[in-house]
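Written out below as structure tokens is the structure these notes cover.
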Amino acid sequence: MTDLIGKRTHYCSALRESHIGQEVVLMGWVQHRRDHGGVIFVDLRDRAGITQVVFNPVISAAVHEKAQEIRNEYVIGVKGKVAARLEGMVNPNMETGAIEILADELEVFSRAKTPAFQIEDRVEASETIRLQYRHLDLRRPQLKNNILARHKATMAVRNYLDANGFIDIETPFLTKSTPEGARDYLVPSRVNQGQFYALPQSPQLFKQLLMIAGFDRYYQIVKCFRDEDLRADRQPEFTQIDMELSFVTEEQIMEMAEGMIRTVFKTVLDLDLDPSFPRLTYDEAMERFGLDRPDLRFGLELCNVSDIVAKTGFKVFASVVKNNGLVKAINAKGCASFTRREIDELTEFAAVYKAKGLAWIKIKEDQWQSPIAKFFTDDEKEALRQRLDLEPGDIVFFVADQPKITNEALGQLRNELGRRLNLIRDDEFKFTWVTDFPLMEYDETEKRHQALHHPFTCPNKEDLDKLETDTLNVKSRAYDLVLNGIEIGGGSIRIHDMDLQKRIFKLLGIGEAEANEKFGFLLEALESGAPPHGGIAFGLDRLIMLVCKEDSIRNVIAFPKTQKATCLLTQAPSEAGLAQLQELGIRISKISEQ
RNA sequence: GGGGGUGUAGUUCAGUUGGUUAGAACGCUAGCCUGUCACGCUAGAGGCCGCGAGUUCGAGUCUCGUCACUCCCGCCA
């Protein structure tokens, strides 16, 4: 009798009072069944929304009888007339709450066992269960909406970049290992036994080659792979919006990227962002916020007090300054009421970032309450009062250590204070560019220079002379885009001159032989007519995470992995069969426990 | 590699100083109910207390180990 397949007329979000009287066919999953004995209500759900279906024996006794067997998550098709809800029965909480479908046909396409958890936002199943039944989890409005937002965002990106002359070009996944940076995922080669491809950490070199090939503007929304330990905002495979342009300045690249981000927010959230994102140099970001990814949604800026305490009686501070360290402070306005316990918690927090201690002073009406106040002279106190704008009711925190530790610990403490004091509005989006990064830093453990960005980043023109002589003070033409304290994108002008590229390799301790072996193809290309070029890559997952106000990228990825990089749905990774291993010429040696 | 948190019914959780029969809510099953929309009422089923050792007369509870999930440090241009 019933054969509804292929006859769907609407999604479950579509029907309104204007459709009353129309005959419609809906398909979907049973969100909920309410059996009143005489009449049965079913909330029918599809990707778009929910519509109430009524099975009334007055309309069709047979269909009402058939509806008895319906259970949650059954997949059904329903034909019927759109009707107005009865007087006083309108549900204002539903998009389609003014109408209902009076079913005169019902087809059960699939029965379903009771789901492991209920398909509702208010039911919080553990992440283990959710990942194990991801197909069910994805039915929940929260995840479904995140995935739909992600689609809208990538479409906005594609349209924007296409309109601006960018060409979508695919680059290989089976490629060559590049030693700089993260650990590679390796793929064994069957036809070349003992040899391995690496999955790309980013299409960096390929997009540079595409510029040299003359494509001028390239983009790709592309998976990248890094075999490193995971975090809430890090997955072993993640997606980048990757782009590269020829014959442009960093200004033009940043402008282009800003336009793209603005389009994404307009498309997904209907939000108009500030006309121009603020700029901070790396040095300024470190000075004021302690981190190269400052959260600009609140104040609490860091303040350098090294000069004031250089000769103080508090030996910890004085000796740090003497040893080229840094003493910085944050004035938490009006927080002198912090308890001993809260201060201890903050001290513990700072210790995570290697701060050896967290000094503090509570500013009272008549005195400074603090374990260290007694060491300061009146002049020092007055200087601190002015520098930090100290007023009664304030508490000020100090970290004294080598610059790297002072900045990191106090910068993280600033974020923690922002959270604790509820200074962060979660509907705000505060962007900032960070520019003028150092080109290189010194790796103490490996005793050599390392590229802060990557080895293909162009140094600032005016610093070229001191490349070898004053390496650590050379700035680069790199830029990061930071949103609410999270790095969402980064890029640079690249080196298009082979001689300069060779100089950089040399500084990084990459010998000529090694450079030729690993990057020979790039050097060769640089000799073949390389245009000046640069680009940027955005972490799509992180961007969508922020757009969707999630705190884990797992909630914006359809099938994410656990912290141990496993997939609870498919049980990947798993052991390979002997025959497969033999074909690959691989033997597994398990290290036995002692 | 290291530190913290969690693990008890299908799900989310409670579980007293170690004590005899491990509870609640939601979900599920059955029955009743013609206007619900977190429907209602009645009854019922459902437990390897993550796993393994140990201490003890006795362990969900204490100890050790282990596994899984998670947050963080290291790591991640």
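Chain letters run A, B, ... following the sequence lines, proteins first, then strands; residues in each count from 1. All values below were derived from every heavy atom in this structure, side-chain atoms included, with hydrogens, water molecules and symmetry-related copies excluded.
- Between Arg16(A) and Glu95(A) there is a salt bridge, with a side-chain nitrogen of the basic residue lying less than 4.0 Å from a carboxylate oxygen of the acidic one.
- The nearest whole Å value for the distance from the NZ atom in Lys404(A) to the P atom in C73(B) is 14 Å.
- Using modelled atom types, one finds a donor on one side chain and an acceptor on the other under 3.5 Å when comparing Arg130(A) with Asn555(A).
- Rounded to whole angstrom, the span from the CD atom of Glu345(A) across to the P atom of G5(B) amounts to 14 Å.
- Taking the charged nitrogens against the carboxylate oxygens, Lys475(A) and Asp283(A) do have a contact shorter than 4.0 Å, which makes a salt bridge.
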Base versus backbone protein contacts along nucleotides 32-40 of chain B [heavy-atom cut-off under 4.0 Å; B, S, -]: -BBBBBBB-
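- Between the C1' atom of C76(B) and the CD1 atom of Ile553(A) lies a distance of 12 Å, rounded to the nearest Å.
- The stretch residues 69-77 of chain A touches RNA chain B through Arg71(A), Asn72(A), each having a heavy atom under 4.0 angstrom from the strand.
- The CD-C1' distance, from Gln235(A) to C69(B), rounds to 14 Å in whole Å.
- At a threshold of 4.0 angstrom between heavy atoms, the contacts of Ile40(A) with the nucleic acid are absent.
- Across U70(B), G27(B), C73(B), the shortest atom-to-atom separation from the side chain of Thr562(A) is found for U70(B).
- Within 4.0 Å (heavy atoms only), Gln563(A) reaches at least one base atom of the nucleic acid.
- Nucleotide A77(B) has no partner under the Watson-Crick or G-U criteria, as no pair reaches both atom distances under 3.5 Å.
- C69(B): Watson-Crick or G-U partner is G5(B), with both key distances under 3.5 Å.
- For C28(B), the paired nucleotide is G44(B), the pair qualifying as Watson-Crick or G-U wobble because both relevant distances are below 3.5 Å.
- Nucleotide C37(B) forms no Watson-Crick or G-U wobble pair with any nucleotide shown, as no partner meets the under 3.5 Å limit on both distances.
- For Thr114(A), whose side chain is taken as the heavy atoms from C-beta onward, the closest listed nucleotide among G27(B), U12(B), U70(B) is G27(B).
- Classification of Arg34(A) and Asp43(A) as a salt-bridged pair holds, one side-chain N sitting under 4.0 Å from a carboxylate O.
- Heavy atoms of Ser126(A) sit under 4.0 angstrom from primed sugar atoms or phosphate atoms, though from no base atom.
- No hydrogens or angles were tested; on distance alone, a donor-acceptor pair under 3.5 Å links the side chain of Arg234(A) to the base of C76(B).
- Among U12(B), C73(B), C69(B), the nucleotide with an atom closest to any side-chain atom of Ile129(A) is U12(B).
- Here, G58(B) and A68(B) have their C1' atoms 30 Å apart, quoted to the whole Å.
- Here G10(B) presents its P atom at 17 Å from CD1 of Ile119(A), a figure rounded to the nearest Å.
- The residues Glu73(A) and Arg45(A) are annotated as salt-bridged, a charged nitrogen and a carboxylate oxygen being separated by less than 4.0 angstrom.
- Salt bridge absent: Lys66(A) and Glu105(A) never bring a charged side-chain N and a carboxylate O closer than 4.0 Å.
- Pairing of U20(B), defined by two Watson-Crick or G-U wobble distances under 3.5 Å, is not identified with any nucleotide.
- Ring pair Phe437(A)/Tyr282(A) is tilted by interplanar angle, where 30° to 60° counts as tilted.
- Under a 4.0 Å N-O distance rule, the pair Lys207(A)/Asp242(A) qualifies as a salt bridge.
- A straight line from CD1 of Ile405(A) to C1' of G74(B) spans 13 Å, rounded to a whole angstrom.
- If you check every strand for non-hydrogen atoms under 4.0 Å, Tyr353(A) touches sugar and phosphate atoms only.
- Between Glu408(A) and Lys404(A) there is no salt bridge, since none of the side-chain N atoms of the basic residue sits less than 4.0 Å from a carboxylate O of the acidic one.
- In this structure, the NZ atom of Lys564(A) is 9 Å from the P atom of G1(B), given to the nearest Å.
- Rounding to whole angstrom units, CD of residue Gln132(A) and C1' of U11(B) are separated by 13 Å.
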